[in-house]
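Note that the numbering runs from 1 along the sequence shown for the chain. Side-chain atoms are counted along with the backbone in the values below, which use heavy atoms only and exclude waters and symmetry mates. Just so it is clear, the structure is predicted and the values come from calculations on it, not from any experiment.
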Amino acid sequence: MAQKHDQFANFKRYDKANKELPAPAKKEKRVVFLGNSITEGWVSIHPEFFKENGYIGRGIGGQTSYQFLLRFRNDVINLKPKLVIINAGTNDAAENTGPFDLDITFGNIASMAELAKANGIKVILCSVTPTSVFGWRKDITPAPLIREMNKLIRAYAEANDIYYLDYHPALTDEKGGLPAKWSHDTCHPNLECYRTIMEPMVCDAINKVLKVSKKQLKTPMPVK
């Protein structure tokens with residue numbers, strides 16, 4: 001039996017949360033994080049970061065840019081944010097929904113950026129975070145694929161006056177993945193990685209794009 005389109009995009013994942021979310025307050029500068037397990041895990045591991053800043057996480061583990069694009073209206077546009085942060089590409093390289101095609105993956109990311117801009121939503125495009133091996137697809141060598149994706153995303157962002165948030169240089173080790181101190185599998189960040197590297201970088205980017213005064217980050221929680 002063919003997979004239903006709503007199951008492919010997993011619209012139900014945030015359907016209830018989206019319906020319960022009130023319209024933005026008059027002066028609210030709503031921010032939505034759209035992503036895969038790296039975003040979903042961020043919300044799960046450090047929910048305080050999202051709650052204290054009023055950020056909305058819309059990550060779904062395992063998803064590719066194809067699925068992001070399908071749910072972009074439900075999980076981003078309809079929430080009426082001022083800004084969306086798009087972190088896509090990891091699972092495209094892992095071929096989670098079919099053979100990897102660099103041009104199509106890039107096109108999906110560009111299409112999301114253009115949909116956002118057409119709806120008055122500012123955009124931050126993130127680099128694909130480093131990975132040297134996929135535990136579930138060890139036959140793929142992701143590091144060079146990720147570098148190629150990041151070249152295209154950076155060039156597109158620069159050509160279209162979009163903020164490019166480049167996590168990659170700050171996170172990658174000599175093998176092209178996350179080092180052991182920040183990940184158990186070279187792919188998924190741990191609490192220390194989110195707290196000490198990614199959160200200061202993304203807050204700085206958000207503040208610059210939304211032109212707000214610099215936020216003071218809370219003292220990091222102890223890492224167990």
Nearest atoms (heavy-atom pairs only) where [X] meets [Y]:
X    : Y    : result
P24  : K80  : CG-O, 3.4 Å
L70  : F11  : O-CE2, 3.3 Å
I45  : P189 : CD1-O, 4.0 Å
T129 : H168 : C-CD2, 4.3 Å
L83  : V209 : CD1-CG1, 3.9 Å

ask   = Would a line drawn from the ring center of Y156 to the ring center of F106 be shorter than 6.0 Å?
value = yes
[X] vs [Y] side-chain heavy atoms within contact, under 4.5 Å:
X    : Y    : answer
N150 : Y164 : yes
I60  : R71  : yes
F100 : M149 : yes
T90  : F134 : yes
I140 : L145 : yes
C193 : Y167 : no
I197 : L171 : yes
V76  : P81  : yes

ask   = Is the W136 ring parallel, tilted or perpendicular to the H188 ring (thresholds 30°, 60°)?
value = tilted
ask   = Is the Y55 ring parallel, tilted or perpendicular to the F33 ring (thresholds 30°, 60°)?
value = tilted
query = Any side-chain donor paired with an acceptor under 3.5 Å for D92 and S65?
reply = yes
request  = Show the numbers, then the answer: is there a side-chain contact (heavy atoms from CB on, under 4.5 Å) between L21 and R30?
outcome  = CA-CA 11 Å; L21 189 69; R30 179 170 288 176; 3.4 Å; yes
Verify, without hydrogens or angle tests, whether [X] (side chain) and [Y] (backbone) share a donor-acceptor contact under 3.5 angstrom.
X    : Y    : answer
T196 : E192 : yes
N190 : H184 : no
N160 : I162 : no
Y14  : G59  : yes

Report the distance from atom [atom1] of [X] to atom [atom2] of [Y], rounding to the nearest 0.5 Å.
X    : Y    : atom1 : atom2 : value
N96  : Q63  : CG    : CD    : 10.0 Å
I206 : M201 : CD1   : CE    : 12.0 Å
I124 : L34  : CD1   : CG    : 13.0 Å
D101 : E95  : CG    : CD    : 10.5 Å
K51  : H46  : NZ    : NE2   : 10.5 Å
R58  : N18  : CZ    : CG    : 4.5 Å

key: Cationic N near anionic O, under 4.0 Å, E114 to K117   = no
D15 and R13 ion-paired at < 4.0 Å = no
request  = Please step through side-chain contact (heavy atoms from CB on, under 4.5 Å) for the pair V133 and K138, ending with a clear verdict.
outcome  = CA-CA 6 Å; V133 64; K138 292 183 179 179; 4.2 Å; yes
message = Given T64, which partner from the list T97, N108, N91, N36 fulfils the side chain to side chain donor-acceptor pair (under 3.5 Å) test?
response = T97
ask   = Is the count of non-hydrogen atoms from other residues, nucleotides or ligands lying under 6.0 Å from K82 atom NZ greater than 12?
value = no
With clusters defined by side-chain heavy atoms of hydrophobic residues (ILVMFWY) lying less than 4.5 Å apart, directly or transitively, does [Y] cluster with [X]?
X    : Y    : result
W182 : I38  : yes
L69  : F8   : no
F49  : L191 : yes
L115 : I86  : yes
V123 : I77  : yes

side-chain contact (heavy atoms from CB on, under 4.5 Å) between E199 and W42, worked out = CA-CA 10 Å; E199 290 175 13; W42 198 341; 3.1 Å; yes
In a check of side-chain contact (heavy atoms from CB on, under 4.5 Å) between [X] and each of [options], which one passes?
X    : options          : result
F72  : V84, N78, N119   : V84
I153 : L165, T105, L125 : L125
P142 : V128, T131, T186 : T131

